[in-house]
S.K.: 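My questions all concern the structure below.
Reminder, nothing fancy here: chain letters follow the sequence lines and each chain counts from 1.
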Amino acid sequence: MSGTLRSTLLGAVFTIALGTGAAWAGTIKVGVVAPFSGPFATVGKTFKEAIEVYQAQHGKTVGGDTVEFIYKDLDQANPAQSKALAQELIVKEKVGYLAGFFFTPDALAVAPLIDEANIPCVIFNAATSAITEKSPRYVRTSFTLWQNTVPLAQYVAKQGVTKVATAVSDYGPGIDGETAFKKTFEGEGGRVVDSIRMPLKSTDFAPFMQRIKDSGAQAIYAFLPAGPTTLAFAKAFNDTGLKAKGVKFYGPGDITQEPDLPALGDAADGIVTTFNYSQVHDSDLNRAFVAKHKELFGSTDTVTFTSVGAYDGTHVIYKMIEATGGKSDGLKAVDAVKGMTWESPRGPLKIDPESRHVTQTIYLRVTEPKNGKLQNTEIAAFPNQPDYGFKAGK
Amino acid sequence: METVFGIAVDGVAYGMILFIISVGLSVTLGLMRVVNLAHGAFAMAAGYVASYAAQDMGLPYGLALVAAVLLTVAATLPLEKLLYRRIYGSANELAQVLLTIGLTFVIVATINYLFGPTLKRVPLPEMLTGTLNLGPKSIPIHRAFVIGMGAVTILALWWLLERTSFGIRLRAAVDDPAMAAALGIRTERLYMATFALGTGLAAMGGVLGAELLPLEPYYAIRYIVLFLAVVAVGGAGSIFGSAMAALTLGVIDTAGKYLIPNFGEFFFYAALILILFRWPHGFFQGRSA
């Protein structure tokens, strides 16, 4: 009796295992590591929404295989946890692709894993130039500080500004931004009169503003990661009278990202930034992208640079799946997208074969009110900007 | 010279905001012996209420401030009755820490759910924007206002605790609850009033300081270390201690930023270590008001 029961049970277990196994065949899994809770939860939200917009527009299947995204929450920069999550995705979930990554250290931490498992990793954000040098399986669809800063520094020099003070958050991307600005601007004959590295956790920026005032700079170049500190920084710039004195405010677009604009309010009015994407970018593709987003999620408040990073990253993953016919082969997949060009909501993109980073148009924008809402209006474009920070650039 | 003046003005303004928020924590810790780690969460919640009242409902700044303080106090009084009352006194510190940190997480999650993770601001009225010229240095009017409010808070609290019958009863109840109760003082009500006072101060600080400590759901966790540092340096329960501590730390932190910004928060914590080394119980240890 018990023998019969056991064999029935075993039979049932095998049937279920086979059944689910059959359901899995034809499904390609993509693991996305990003912050979905914690202070940076908006980023994970923009990633997930953008992926869903892409799938709504282009379908969920590639060549008969269904593409399934599996999300893992990494609430703040934590390389050890990033590695553990990636390992879990690869070993347990058997993902064929890794994607996401908001912070540089988290993206760097998975390099040995993707090499060992021969899995491609598409970075949706992490913007330090050096990342793609660490593994041939990295592809990045966001931007780098160098990419944004070099055209900005050239533009500032052309405005007749000769003395600039830089103020950046004291960590990898900030130092990339500072170096890129200084090198380019001084190459154009300008002078950086003071370079301030501000602690990441600063909340009172008045002291830095006083230093900028004392330095006699005609303009500032500022980089702070998108989020709470940008508000206090922009406020302090206005409150200490630097704006009234006619000092110009330049920086990469993180400082005026769309979700923060309502809170920044008047403080953001007139800030000139360079960036790869503005929600109001004038193109049919972008209008379709924003409209689809609104249709799916009811609002466009969160559509920002991390959205297009994920949207175009998803496109790259689809192309990789197409090229490898559903089998996961990291190097082959990455080779297939090297040199690939396409039109994205932000403009024309190309994966540079050497750096595996997107070559793209960088836009000069001014933050201004329109229809009762602040927006980043694009006023000029610098096409075909590579990652100047990749190896030779440094 | 200009730098010295700048350090003084910016340091005092920063210190006053730290003071207004921290003194409520100091009052509850010193008088009721409860480590209220949710203090920062109360300040943050008030900031969000003020932001909502001013931005979405269009209330003027002053009204938004009052509404935020009253609503926060009203919302936290049931917590006092249900939760805090069980952990008064210093016998069960672990329970205090666990309860209040848990409460903080609940508030963080609630705020995150209701208002989203992006920044919120409390728009300032015309009167408080712009700058005030003080000889070689001009300071934002808002900062001058905060300094004034800080000074008023110091005096009002001193008067309340030293010169009113409420203060006398409170100090009696703190020193010997059983004897105070035997004399007819209703200690439970006193504690509730004191808790409301502490929360109200946190709320006011959260709204007034929204320009310097920007409102986002992790405010509660991000800044609680600053508030605890002020209480540790000032001595629990001491108003003048808190004021001195907040101003000292504010000025030292500001001086570090002016002179050597890339040392980060080194000077803040170095000062904290040195002061606590010399005065392990804070500047004004043992005084109950």
S.K.: Any salt bridge linking A:Asp204 with B:Arg143? Criterion: basic side-chain nitrogen under 4.0 Å from a carboxylate oxygen.
M.R.: yes
S.K.: Between A:Lys182 and A:Glu178, does any side-chain N to carboxylate O distance fall below 4.0 Å?
M.R.: no
S.K.: Enumerate the salt bridge (charged side-chain N to carboxylate O under 4.0 Å, His left out) contacts for residues 220-242 of chain A, please, sequence neighbours excluded, ordered by first and then second residue.
M.R.: A:Lys235-B:Glu211
S.K.: Scan residues 198-207 of chain B for pairs that pass side-chain hydrogen bond (donor to acceptor under 3.5 Å, both in side chains), counting only residues two or more places apart or in two chains.
M.R.: none
S.K.: Quick check for you: among A:Ala263, A:Ala244, A:Pro199, which has the greatest number of heavy-atom pairs under 4.5 Å with chain B?
M.R.: A:Ala263
S.K.: So what's closer than 4.5 Å to chain A heavy atoms on B:Ile17: side chain, backbone, both or neither?
M.R.: neither
S.K.: B:Tyr223 versus chain A, heavy atoms under 4.5 Å apart: side chain, backbone, both or neither?
M.R.: side chain
S.K.: With a 4.5 angstrom heavy-atom cut-off, is it the side chain or the backbone of A:Asn238 that approaches chain B, or both, or neither?
M.R.: neither
